[in-house]
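Every chain is numbered from 1, with letters handed out A, B, ... down the list of sequences.
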Number of protein chains: 2
Amino acid sequence: MSEDTKVQGTRERLVSTAADLFGRQGLSATGIKQILAGSKAQFSSLYHHFPGGKDQLAAEAIRTAGLGYQQFVEEIWDGAGDLLAGVRSIFDGAAYVLEATDYADACPIATIALEVASTNEDLRLATAEVFESWNRAATVRFVAGGITPSVARELAVALIALLEGAFVLSRAAKSPESMLVAGKTAVAMVERALALVEPHGG
Amino acid sequence: MSEDTKVQGTRERLVSTAADLFGRQGLSATGIKQILAGSKAQFSSLYHHFPGGKDQLAAEAIRTAGLGYQQFVEEIWDGAGDLLAGVRSIFDGAAYVLEATDYADACPIATIALEVASTNEDLRLATAEVFESWNRAATVRFVAGGITPSVARELAVALIALLEGAFVLSRAAKSPESMLVAGKTAVAMVERALALVEPHGG
DNA sequence: GTCTATAGAAGGATAGAC
DNA sequence: GTCTATCCTTCTATAGAC
């Protein structure tokens, strides 16, 4: 009867519900009661699992959702034929999810990141660590594709910036245009870098 | 003794203070009392000028700050030698402002845009209109540079996506890296488009 | 570990004197 | 138009019975 025998314990449901709500409407706009209702949990459960209250829950939601999104993207990347097809799939997939969820599901941590950047140092660090983890993962893939480490890092940063910016613009406009254009741009960028690796055709 | 004889009336101070706070910590995290304190105004002033309360003030703050940032960027662009130098200056300027303000001053409406995208249709539309206005202004400049309208539109979208995404990443990391890389990427993008316009050297 | 009840502060908004 | 005081709700967090 230990906790890990449960399919999804109260603690996991709290983190998952919190991450969803934080991603869609932000940290401050999401009340603890709303999280409890969505998790079908009680006050006592929350403060039992997270003595630090909302902030501790938020820190864990950021890390869990950030890692979850990274894994989601890496699976898409692995499923694609090559580096370039992977980049294309990431942006196409993001555009698809945006439309399918009426532009509610986007980057799980961007809203929190902007909210806390100047107001909560612990949470800011949590978001920074997530983005840095994404950067490292993308850089590794570009290096594996034969691109030099410094260029690979720049490609990774640019790719993530394009993705994050397109999330903002697409959600605001309720249109996939920005995400599709961002994808086209990212693909062109990576294509150019790869062309420098193998200037000889085929 | 009409309102416009004053240097900056209560109404203007309210909008300006609100825009600043919304941009730095978000809409939900910013209380009306905090806005009043920052504006040295009273409750009655706020509800006199904005019968619709916080939402009406937010809508006006979004439009005013959005237009203000557009003018700020357009002045930078005008001050630069050419199209390409303008793009470079925008990102360098953004990186400079980020560092100078300890990563507090970034896009004035991105935080709100993400907060309200799925929760407040009026405010979502206000943010969408601002971004569309930026898009049009940038597109016009690229077209004036000889780029075809459809490519110009894509360049504008990509430029703004890079800028917005870099704001998120740079604020989270408290580092200018993302903004500088985004600028480099934007410059390369525009360079390539211009090269197709005048393939002959000089 | 789970429930109810409630404290204590902060939120948005309004009333009414001046 | 400006000031003070206040209403009502919501928020986070805790207490205490079981």
Just verifying a value: how many Å separate His48(A) NE2 and Leu46(A) CG, rounded to the nearest 0.5 Å? 11.0 Å
Where does the angle between the aromatic ring planes of Trp134(A) and Tyr69(A) fall among parallel (under 30°), tilted (30 to 60°) and perpendicular (over 60°)? tilted
Once you round it to whole Å, what is the distance between P of dC3(C) and NE2 of His48(A)? 13 Å
In whole Å, what is the span from the NZ atom of Lys40(B) to the C1' atom of dT2(D)? 17 Å
Mutual orientation of the aromatic rings belonging to Phe43(A) and Tyr47(A) [parallel < 30°, tilted 30-60°, perpendicular > 60°]: parallel
Over how many whole Å does the gap from Phe50(B) atom CZ to dG1(D) atom C1' extend? 15 Å
Can you tell me if Lys54(A) uses its side chain to pair, donor with acceptor, with the backbone of Thr30(A) under 3.5 Å? yes
Is there a donor-acceptor pair under 3.5 Å between the side chain of Ser175(B) and the backbone N or O of Glu177(B)? yes
Using a 4.0 Å cut-off on protein heavy atoms (strictly under), produce a 5'-to-3' string for nucleotides 11-18 of chain C with B for base contact, S for backbone-only sugar-phosphate contact, and - for none. BBBB----
Whole Å only: how far is the CD atom of Gln42(B) from the P atom of dA5(D)? 11 Å
Return the value, rounded to whole Å, for the distance between atom CG of Leu36(B) and atom P of dA5(D). 16 Å
May I have the step-by-step check of side-chain contact (heavy atoms from CB on, under 4.5 Å) for Gln25(B) and Ser118(A), ending in yes or no? CA-CA 7 Å; Gln25(B) 59 192 20; Ser118(A) 304; over 6 Å; no
